[in-house]
Amino acid sequence: MCTCIELKLMADKNFIATWDTEIMIQRERIQRLNSKPMMNGDYVIYWMQASQRAEYNHALEYAITQANDLDKPLLVFFGIMDAYPGANERHYHFMLEGLRETQAALLKRGILMVIRHESPEQAVPGLFPNPCVVITDRGYLSLQRKWRKHLACRIKCPLIQVESDIIVPVEQALEREAYSAASLRPRINRLLPNYLVPLEKRRLKNKSIDMRFESFDISNTDNAIAKLDIDRSVKKVDTFHGGTSQAKKHLTHFLKYRLDHYSQKSNDPNFNALSNMSPYLHFGQISPLYVALQVYNSVGEGKADYLEQLIVRRELAINFVYYNPNYASFASLPNWVKGNFRTHAKDKREYLYTLAQLEAADTHDPYWNACQLEMVITGKMHGYMRMYWGKKILEWTSSPQRAYKIACYLNDKYELDGRDPNGYAGVAWCLGKHDRPWSQRPVFGNVRYMNANGLKRKFDVDAYVAKINKYGNYMA
């Protein structure tokens, strides 16, 4: 059985993506969200939300093509709402760093980016009264989908959604929720040749940079943050900075120094063979298609395994949140898992911790404490340690329902890539989602178990703890 992405790209004989020969973007990426007629307006609007970048952005390039065809200028809009669910100063700071760079990059392409301190679905109709058409990118979480549905009803012109943060469009990959990676991988492998192709950059005919719209000033990130009414309980980090250029620096370093070691060392947090792409992918500051093409065209022994994570596993997570409306709760788990936990509901737990104790990394387990501290301090926990972290929350809380809730809360609060399909799928996996039944044991039942001895077999976990504690002392 194939357990990683196929690198030999051979087209599926039963499916060839339909290309719009004028725009050179697969039509399967493009979806009309209402039936309103095209208007004889003053401009084309691209409401940027999920794909926060000025390059390798299908929605942006599609919007440029529409503007050119209509002989109109293109405006890009971004709305910053206060109190985005689960977000705090850490996330807003990283996002604004990226938006500042995106705004400057769009300016070089002759495109004005208007930023407002308003919820986006509310701001667009009032701010832009006479658009020909509104283009948007695609988000998969419930709030993102609700925003698009709301705007589709409120505007008088078409709202067209263009998918740009996934390689194989979600409905094309599978028309239902996938049971596991094994059920999604063959379909993606067959479709991949139709979508793993470069995106052509367009030139805008009618520049919009001289148009006048009041915009929220993000030229100084700290000043902009001070004007927002947001959760300030978690501060910014210095370990990662937002922006497409920062994402590319991490990617270049990964391809040069880490890709060769990825297959053997990706589970070792001391070696750090990871790409650090997840925060940038979450905020749409880098295209997964761009990353995949860079990896595919590179020389490195780990590229098949890396593409498996970037494409199959990431798109499995998106499939999960798209088709399962309960993705942020215990209700999302399969029936065998729910039945399993009912059977073990009264099993005695050796340790029970409160949310406050877990959040403060105050447990008996130095390895788990290091996981939590790494996330709190740096904004990113090593991927392999996230699995151990989630499994122990299940073991040390009063119920799997509570474990699910706590894990989502902590992940969303401290991880730069929190509130993301990958995060929700990762928490669900810790409780049995996308996995198979294993041997019976207390509390876990048939759900896969992890313990400290497993960590010790794979790498020097004490060195990991020492590294995190040292970093924590330095930051203090």
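One is the number of the first residue; the rest follow in order along the sequence.
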### Message
Y404 vs L431, test: side chain to side chain contact (heavy atoms under 4.5 Å, CB included). Steps then yes/no.
### Response
CA-CA 8 Å; Y404 203 116; L431 277 77; 3.9 Å; yes
### F341 and Q401, any side-chain heavy atoms less than 4.5 Å apart
no
### Query
Is a donor on one side and an acceptor on the other found under 3.5 Å between the side chain of T252 and the backbone of K249?
no
#### Entry: Side-chain (E118) to main-chain (A123) donor-acceptor, under 3.5 angstrom
no
### Task
Could you walk me through whether R313 and E308 pass the salt bridge (Lys or Arg N to Asp or Glu O under 4.0 Å) test, one step at a time?
CA-CA 6 Å; R313 299 290 174 166; E308 162 75 10; 3.2 Å; yes
### Query
Just by modelled atom types, is the R232 backbone N or O under 3.5 Å from a matching donor or acceptor in the K235 side chain?
yes
### Message
Please determine whether the number of non-hydrogen atoms from other residues, nucleotides or ligands lying under 6.0 Å from atom CD of E175 exceeds 12.
### Response
yes
### Heavy-atom side-chain proximity of S142 to Y327 below 4.5 angstrom
yes
### Task
Report yes if some heavy atom in the side chain of I80 is under 4.5 Å from a heavy atom in the side chain of Y92; otherwise report no.
yes
### Query
For the side chain of Q172 and the backbone of P169, is there at least one donor-acceptor N/O pair under 3.5 Å apart?
no
### Message
If we count only N and O atoms by modelled type, under 3.5 Å, do the side chains of D137 and H58 hold a donor and an acceptor together?
### Response
no
### Query
Can a donor-acceptor pair be found between the side chains of D165 and S51 at a distance below 3.5 Å?
yes
### Task
Going by the side chain to side chain contact (heavy atoms under 4.5 Å, CB included) test, name the single residue among L75, L204, D69, V133 that passes it with V44.
V133
### Query
Are the side chain of S399 and the backbone N or O of R402 linked by a donor-acceptor pair below 3.5 Å?
yes
### Query
Which of these, Y43, F213, F216, F128, sits in a ring-ring contact (aromatic ring centres under 6.0 Å, His included) with F77?
F128
### Query
With distance as the sole criterion, is a donor-acceptor pair present between the side chains of S245 and E101 under 3.5 Å?
yes
### Message
Using a 6.0 Å cut-off, check whether atom NZ of K405 has over 12 heavy atoms from anything other than its own residue.
### Response
no
## Note on the structure
Between the CD atom in Q26 and the CG atom in L199, the distance rounded to the nearest 0.5 Å is 8.5 Å
### Ion pair check, R448 and D435, cut-off under 4.0 Å
yes
### Straight-line distance of L74 CG to I45 CD1, nearest 0.5 Å
7.5 Å
### Message
Whether the side chain of R29 engages the backbone of I167 through a donor-acceptor N/O pair (distance < 3.5 Å, no angle test) should be reported.
### Response
yes
### Message
For the residue pair S164 / R53, report whether a side-chain donor-acceptor contact shorter than 3.5 Å exists.
### Response
yes
### Task
Verify, without hydrogens or angle tests, whether D412 (side chain) and R419 (backbone) share a donor-acceptor contact under 3.5 angstrom.
yes
#### Entry: Verdict with reasoning, H434 to F320, per ring-ring contact (aromatic ring centres under 6.0 Å, His included)
CA-CA 9 Å; H434 298 145; F320 169 51; 5.7 Å; yes
### Query
Side chains of N276 and F254: closer than 4.5 Å at any heavy-atom pair?
no
### Query
When rounded to the nearest 0.5 angstrom, what is the spacing between CD1 in I30 and CD in Q161?
11.0 Å
### Task
Let me see the working for I311 and I188 under side chain to side chain contact (heavy atoms under 4.5 Å, CB included), right down to the final yes or no.
CA-CA 8 Å; I311 302 175; I188 285 182; 3.8 Å; yes
### Query
Looking at Y296, does the NZ or CZ of K303 lie under 6.0 angstrom from its six-membered ring centre and within 45 degrees of the ring axis?
yes
### Message
Taking R138 first and then E171, would you say they form a salt bridge - that is, a charged N and a carboxylate O separated by under 4.0 Å?
### Response
yes
### Message
For G41 versus C132, what's the shortest heavy-atom pair and its separation?
### Response
N-SG, 3.3 Å
### Query
Would a distance-only check, ignoring hydrogens and angles, find a side-chain to backbone donor-acceptor pair under 3.5 Å from D417 to G423?
no
### Task
Establish, from distance only, whether the side-chain atoms of Y414 and E359 form a donor-acceptor pair under 3.5 Å.
yes
### Message
Against the six-membered ring of Y290, is K248 placed for a cation-pi contact (under 6.0 Å from the centre, within 45° of the normal)?
### Response
yes
#### Entry: Minimum heavy-atom distance I111-L60, with the two atoms named
CD1-CD1, 4.2 Å
### Message
Using the side chain to side chain contact (heavy atoms under 4.5 Å, CB included) definition, which of the options V134, N34, L33, I135 pairs with P158?
### Response
N34
### Query
Between S266 and Y306, is any side-chain donor less than 3.5 angstrom from a side-chain acceptor?
no
### Task
Would you confirm whether D231, through its side chain, and E89, through its main-chain N or O, come within 3.5 Å as a donor-acceptor pair?
no
#### Entry: Over 12 foreign heavy atoms within 6.0 Å of CG, D222
yes
### Message
Could you check whether R148 makes a cation-pi contact with W47, meaning its NZ or CZ is under 6.0 Å from the centre of the six-membered ring and within 45° of the ring axis?
### Response
yes
### Query
Is the closest side-chain heavy-atom distance between H241 and Q246 below 4.5 Å?
yes
### Message
Does the plane of the ring in Y280 sit parallel, tilted or perpendicular to the ring in F94? Use 30° and 60° as the thresholds.
### Response
tilted
### Task
Check the side chains of Q122 and R154 for a donor-acceptor pair under 3.5 angstrom, ignoring hydrogens and angles.
yes
### Task
Examine the side chains of H150 and E121 and answer whether a donor and an acceptor come within less than 3.5 Å of each other.
no
### Task
Report the distance from atom CE of M385 to atom SG of C371, rounding to the nearest 0.5 Å.
3.5 Å
### Task
Give the intermediate values and the outcome of side chain to side chain contact (heavy atoms under 4.5 Å, CB included) for residues K201 and E55.
CA-CA 8 Å; K201 188 176 182 179; E55 60 182 63; 6.0 Å; no
### Query
Are side-chain N/O atoms of W389 and Q372 paired as donor and acceptor at under 3.5 Å?
yes
### Query
Can Y140 and E163 be said to form a side chain to side chain contact (heavy atoms under 4.5 Å, CB included), step by step?
CA-CA 10 Å; Y140 303 94; E163 194 162 38; 2.4 Å; yes
#### Entry: From CA spacing to verdict: side-chain hydrogen bond (donor to acceptor under 3.5 Å, both in side chains), K392, Y388
CA-CA 6 Å; K392 291 303 172 185; Y388 180 77; 4.7 Å; no
### Task
Quick one: do N422 and H282 satisfy side-chain hydrogen bond (donor to acceptor under 3.5 Å, both in side chains)? Show the steps, please.
CA-CA 9 Å; N422 265 345; H282 168 73; over 6 Å; no
### Query
Does a donor on one side chain and an acceptor on the other come within less than 3.5 Å for N206 and D71?
yes
### Task
Compute whether any side-chain donor of one residue and acceptor of the other, for S332 and Y424, lie under 3.5 angstrom apart.
no
### Task
Kindly indicate, with the supporting measurements, whether the criterion ring-ring contact (aromatic ring centres under 6.0 Å, His included) is fulfilled by H250 and F240.
CA-CA 10 Å; H250 284 287; F240 298 96; 5.6 Å; yes
### Message
Please check: side-chain N/O of N340 versus main-chain N/O of F444, any donor-acceptor pairing under 3.5 Å?
### Response
yes
### Query
Can a donor-acceptor pair be found between the side chains of Q103 and R100 at a distance below 3.5 Å?
no
### Task
May I ask you to check if K391 and W396 form a cation-pi contact, with NZ or CZ under 6.0 angstrom from the six-membered ring centre and within 45° of the axis?
no
